[in-house]
Amino acid sequence: MALGQSLRLVLAPPHRAGYPFIAIGLAVAVIGGLLLGSWLFWLGLIFTLFCLYFFRDPRRVPPDREGLAIAPADGHVVSVMPAVPPAELGLGPAPRWRVAIFLSVMDVHVNRSPVAGRVTRIAYRPGKFVSANLDKASEDNERNALALRLPDGRDVAVVQIAGLVARRILCDVREGDSLDAGERFGIIRFGSRTDLYLPEGVRPLVTVGQTMIGGETVIADLMPARLPL
């Protein structure tokens with residue numbers, strides 16, 4: 001079973017953001033290989049296989065229970081701490097629990113909504129490209145932040161953050177769109193970080209070092225009574 005799951009992950013169809021890169025790799029392999037020799041064929045083939053792997057977009061099955069916040073990305077948790085959401089989202093100055101997930105180039109880079117809710121704000125901010133596993137990446141790096149309004153009126157924030165190698169953040173939703181928990185909303189190319197800010201008073205159930213599966217791993221239960229930080 002584990003082998004079958006691994007094969008399904010590796011052989012998952014690519015996200016459409018990868019189509020241009022895959023096409024370039026194939027063109028280099030076929031056309032370049034015919035004109036300039038086998039070394040260019042192998043170079044193009046290796047690049048194509050890497051892009052197929054990097055842009056893979058496997059199907060995910062969210063937990064069948066309302067009131068959960070789930071991982072917005074694959075990767076491992078590098079920080080769990082109270083922090084103020086990005087100012088550009090207008091969610092106020094009060095700190096709330098933030099879970100930061102680092103995505104290496106080997107992880108699935110498709111971002112998924114952590115909750116069922118409505119997109120009330122999308123804000124892009126240019127910035128630096130320091131390594132995404134550093135805490136200062138949340139403040140300094142280029143980012144795209146989304147505020148999601150829960151049916152009960154509380155807000156969740158999820159932030160796509162560029163990394164040392166990642167230079168392009170793609171967001172496929174607009175303000176006013178409604179998302180289901182686990183629904184795809186974007187992708188970050190080539191190494192990155194995704195931060196999740198929980199509603200005020202909600203504590204995360206994960207810790208630093210845990211591996212996340214985007215769209216499936218439970219990060220927090222939103223239903224218990226609200227507790228102070």
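It should be emphasised that the depicted structure is a prediction, and the values quoted were computed from it without experimental measurement.
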* Asked: In Å, rounded to the nearest 0.5 Å, how long is the span from CG of N144 to CD1 of I161?
  -> 10.5 Å
* To do: Under the side chain to side chain donor-acceptor pair (under 3.5 Å) rule, collect the residues that match up with R149, sequence neighbours excluded.
  => D155
* Nearest-0.5 Å distance that lies between atom CG in D195 and atom CD1 in I101 -> 8.5 Å
* **Minimum heavy-atom distance between L198 and R203, given as atom pair plus value** => CD1-C, 4.1 Å
* Atom pair CZ/CE of R65 and M223 - distance to nearest 0.5 Å -> 7.0 Å
* OG1 of T194 to CG of N111: how many Å apart, nearest 0.5 Å? -> 4.0 Å
* Considering only NZ, NE, NH1 and NH2 on the basic side and carboxylate oxygens on the acidic side, decide whether R184 and D57 come within less than 4.0 Å. => yes
* CG-CZ distance between L146 and F185, expressed to the nearest 0.5 angstrom -> 5.5 Å
* Is NZ or CZ of R56 both nearer than 6.0 Å to the six-membered ring centre of Y53 and within 45° of the ring axis? -> yes
* Specify the closest pair of heavy atoms between P86 and A145, including all atoms of both residues, with the distance to one decimal. => CG-CB, 4.3 Å
* Asked: Who else is in the cluster with V84 when I, L, V, M, F, W and Y are joined by side-chain contacts under 4.5 Å?
  -> none
* Should the heavy atoms of other residues, nucleotides or ligands under 6.0 Å from CZ of R125 be counted, would the total exceed 12? -> yes
* Asked: Would you call the rings of H76 and F102 parallel, tilted or perpendicular, where under 30° means parallel and over 60° means perpendicular?
  -> perpendicular
